[in-house]
Protein chains: 2
Amino acid sequence: MKRPLLKIGELANLANVSQDTLRFYEKHGLMRPSARSEAGYRLYSAQDLQRIRFILSAKEVGFTLKEIEELLALEVTRDEKSCQDVKSLVDEKLATVTQRIHELQRIKKSLQSLSDACCGGDEPATHCTILEALSDHDAGSSLVGGKHHDLIK
Amino acid sequence: MKRPLLKIGELANLANVSQDTLRFYEKHGLMRPSARSEAGYRLYSAQDLQRIRFILSAKEVGFTLKEIEELLALEVTRDEKSCQDVKSLVDEKLATVTQRIHELQRIKKSLQSLSDACCGGDEPATHCTILEALSDHDAGSSLVGGKHHDLIK
DNA sequence: GTTGACTCTGGACCCCACTCCAAGGTTTAT
DNA sequence: ATAAACCTTGGAGTGGGGTCCAGAGTCAAC
Ligand SMILES: [Zn+2]
Ligand SMILES: [Zn+2]
Ligand SMILES: [Zn+2]
Ligand SMILES: [Zn+2]
């Protein structure tokens, strides 16, 4: 009934990471194989696959390995922690994620208005509103926070 | 009329970075002072302040220094590039920002439902829905993509 | 004219997250 | 029984993004 355990190469393929990365994560306490074979081969379970996927998606959105470790550590610390502790850790991450989203939305708006202002034609960009906005006075305050000049000649 | 130029320490304070960081960015082509004093001191203008702020806010939302350099390089490449070129670079960044926002929103939702499911009380967390979700089956697919179990005893 | 705060350069060093060996042991396929 | 493919450990190397420091010049104030 129990599904067969995976060797490191198999897990690596399924998860799309290198074997080195798996060993690296293990060395740093983020992953360890469910078992070892007689010969010392690492053997991974389906949970292990879930776990590496968890790590990867958390990484993708900007959590550091240390932060991910904290999240994962919740699982094993169980009865030493209260629900309060656990929840507040999650809420903390939630706040930083929310914060990051806001920053990105600010940036996105700026980029969008830059893009909108540009004619996109193939003449030399000497007149380009984007370049003007970037080099101007307020080029920095929020990735060009300002209004771009009146466009269309 | 012209505002006085800033020495490196002054700019560093205003921008909240170290002098080393400013010199580091200079070495890597992201910033250079508008002028040098007789004695070779770096002298920065108000634009330079804007520029470092630009760099910092771009960095904050996850652009690498190399990407930031590309954005800034637009300013000087002007007539070698067409509006098309310029705009498509901006649109590219726009797409990656949008992408990042989506990922973060996915994560945020997951964290939110984790948080919502937890009672937050101060008893030991042996029963905690968060921990259950993390260690469970689908802990990985999207930072715990699944429904958490029925809560409230 | 000396003290103290500031700046210069160059180079060493650090953390992070991998990535790439080298030297060897194991498994599988023929 | 031997080769190819796979695994082991340990350790070195890489690239990004800085940080720290030594040795020396500069500037303002007293
Ligand atoms: Zn144009
Ligand atoms: Zn344009
Ligand atoms: Zn609870
Ligand atoms: Zn709980």
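In what follows, every heavy atom counts, from backbone to side chain, and hydrogens, waters and symmetry copies are set aside. Residue numbers start from 1 in every chain, and the chains themselves are labelled A, B, ... in the order their sequence lines are given, proteins ahead of strands.
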Rounded distance (Å) that lies between atom [atom2] of [N] and atom [atom1] of [X]:
X        : N       : atom1 : atom2 : value
Glu69(B) : dG18(D) : CD    : P     : 13 Å
Leu43(A) : dT27(C) : CG    : P     : 11 Å
His28(A) : dG10(D) : NE2   : P     : 14 Å
Ile8(B)  : dA5(C)  : CD1   : P     : 19 Å
Phe63(B) : dG16(D) : CZ    : P     : 17 Å
Leu30(A) : dC16(C) : CG    : P     : 12 Å
Met31(B) : dG17(D) : CE    : P     : 16 Å
Leu5(B)  : dC6(C)  : CG    : C1'   : 17 Å

Verdict with reasoning, Arg42(A) to Arg23(A), per side chain to side chain contact (heavy atoms under 4.5 Å, CB included): CA-CA 10 Å; Arg42(A) 290 169 178 81; Arg23(A) 285 187 281 254; 3.7 Å; yes
Are there any protein N/O atoms within less than 3.5 Å of an N/O atom in nucleotides 25-28 of chain D, and if so, which ones and at what distance?
{"unit_1": "dG25(D)", "atom_1": "N2", "unit_2": "Tyr41(B)", "atom_2": "OH", "d": "2.9"}
{"unit_1": "dT26(D)", "atom_1": "O4'", "unit_2": "Tyr41(B)", "atom_2": "OH", "d": "3.3"}

Keeping Arg51(A) on the side-chain end and Arg32(A) on the backbone end, is there a donor-acceptor pair under 3.5 Å?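 Answer holds: no.
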Quick check: do [X] and [Y] have side-chain heavy atoms less than 4.5 Å from each other?
X         : Y         : answer
Tyr25(A)  : Leu65(A)  : yes
Ser34(B)  : Gln47(B)  : no
Cys119(A) : Lys87(B)  : no
Gln105(B) : His102(B) : yes

OP1 or OP2 of [N] sitting under 4.0 Å from any side-chain N/O of [X]?
X        : N       : answer
Arg36(A) : dT26(C) : no
Tyr25(B) : dG18(D) : yes
Lys66(B) : dG17(D) : no
Lys27(B) : dG11(C) : no
Arg42(A) : dT26(C) : no

May I have all residue pairs that pass side-chain hydrogen bond (donor to acceptor under 3.5 Å, both in side chains) and include part of residues 10-20 of chain B, sequence neighbours excluded?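 Listed by first then second residue: Ser18(B)-Thr21(B).
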Criterion side chain to side chain contact (heavy atoms under 4.5 Å, CB included) on Phe54(A) and Ile68(A), from CA distance to verdict: CA-CA 9 Å; Phe54(A) 176 99; Ile68(A) 295 169; 4.2 Å; yes
Mind running a 4.0 Å heavy-atom check of residues 11-24 of chain A against DNA chain D and sending the residues that fall below it, in number order?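 When residues 11-24 of chain A is checked for heavy atoms under 4.0 Å from DNA chain D, the hits, listed by number, are Gln19(A), Arg23(A).
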By the definition side chain to side chain contact (heavy atoms under 4.5 Å, CB included), identify the one residue from Asp48(B), Leu43(B), Leu11(B) that meets it with Leu6(B).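 It is Leu11(B); the other options fail the test.
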